[in-house]
Amino acid sequence: MTGAPTAPAHPDAVAVLRTAQPLVWSFVGDSVTAASWHTWGGRGLSELVQERLRETGRRRDGVVNTAVSGWRVHDLHDQLDVVCLRYHPDVVVIGTGLNDTRGGADGVGEFGRTYRDVVVRLREQTGALVVTQTPNGTLPTAPSHVVEHLDAYVAEIRAVSAELGTVLVDHDAVWQATEVDVTYHWLGHGCHPNAFGHRALARTFLQTFGLWDPDASRTCRLTIP
């Protein structure tokens, strides 16, 4: 275990778990959310969350991951019906931002407008709890558009969350506050988390939902360098 900061539990995230009815969780976004290739077969964020839910007794909850490598927020906006709405989710977890940095400094405004529209549509059409996430930290070897512009897109995601009152899982804040010689081991590529990185992402996510408990959970005891 590392000395990474603890993410505070969000009351709305904690409250949604109090319902006895089975929940449908929809994870949508990019290749990090998809958690393929760079994990080398290890569990990704959504799978770790699902296993933790089972540990708590929520075995009838359904977790659907329809994230697509290379996607930006406008792809999610255009195909929201296919990747999310048809599942009638109770919780929607959005993971995007890394690919969106291809838009550079000039693209931040449009990114924010599209992101806001996605959140509003989700709430209006499903009534789901919307969870927004900042992307994970990266290495200097990440693509130049990520290195140069990620901070601006992270700030925009935080602004959208604050404006619309979403649950925010602030991965970036945790990675930035963790020593780089630690986060280096969390990445299988300049900006793609490996299996260890996904455990770090899951730790922050589960802390936000009040589910992080290494004493009671095998999932929470998995090695994080």
Side-chain angles (χ1 to χ4, degrees), residues 2-8 10 13 27-35 38 44-45 67-77 92-120 130-194 196-205 207-208 224-225:
T2 72
T6 300
H10 192 290
F27 283 75
V28 294
D30 56 22
S31 58
V32 173
T33 306
H38 294 284
L45 170 63
V68 181
S69 180
W71 266 25
R72 308 187 203 183
V73 74
H74 68 78
D75 298 299
L76 179 56
H77 177 275
V92 180
V93 182
I94 302 173
T96 188
L98 288 171
N99 296 310
D100 299 273
T101 60
R102 292 182 182 275
D106 293 338
V108 175
E110 182 60 28
F111 169 77
R113 287 188 289 272
T114 306
Y115 204 119
R116 286 173 176 83
D117 190 51
V118 168
V119 173
V120 170
V130 179
V131 180
T132 52
Q133 302 180 103
T134 57
N136 54 271
T138 68
L139 295 174
T141 53
S144 59
H145 58 85
V146 174
V147 174
E148 294 170 11
H149 302 294
L150 183 58
D151 287 350
Y153 284 80
V154 166
E156 188 66 14
I157 292 172
R158 290 178 180 141
V160 171
S161 177
E163 176 186 331
L164 299 181
T166 68
V167 172
L168 177 66
V169 181
D170 201 343
H171 299 296
D172 178 81
V174 172
W175 287 52
Q176 294 303 323
T178 305
E179 293 293 333
V180 69
D181 60 349
V182 173
T183 60
Y184 174 87
H185 295 288
W186 297 354
L187 291 158
H189 175 264
C191 61
H192 287 93
N194 56 24
F196 292 137
H198 275 275
R199 293 173 189 176
L201 296 176
R203 175 173 58 188
T204 304
F205 188 99
Q207 287 173 344
T208 305
I224 305 175

> So which pairs with a foot in residues 143-167 pass ring-ring contact (aromatic ring centres under 6.0 Å, His included), sequence neighbours left out?
Replying inline: F111-Y153
Heavy-atom closest contact ([X] atom, [Y] atom, distance):
X    : Y    : answer
W71  : D30  : O-CB, 3.6 Å
I157 : P135 : CD1-CD, 3.9 Å
Q133 : V93  : NE2-CG1, 3.3 Å
G103 : R72  : N-NH1, 4.2 Å

> Would you call R116 and E156 a salt bridge, taking side-chain N to carboxylate O under 4.0 Å as the test?
Replying inline: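 A salt bridge links R116 with E156.
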> salt bridge (Lys or Arg N to Asp or Glu O under 4.0 Å) with E148: which residues, sequence neighbours excluded?
Replying inline: none
With the side chain counted from C-beta on, respond yes when [X] and [Y] share a heavy-atom pair under 4.5 Å apart, and no when they do not.
X    : Y    : result
D170 : T204 : no
P140 : V147 : no
I224 : W186 : yes
V92  : V28  : yes
N136 : L187 : yes

> In Å and rounded to the nearest 0.5 Å, what is the OG1 to CG distance from T138 to D172?
Replying inline: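 The distance works out to 9.0 Å.
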> Would W175 and L201 satisfy side-chain contact (heavy atoms from CB on, under 4.5 Å), going step by step from the backbone distance to the final call?
Replying inline: CA-CA 9 Å; W175 287 52; L201 296 176; 3.8 Å; yes
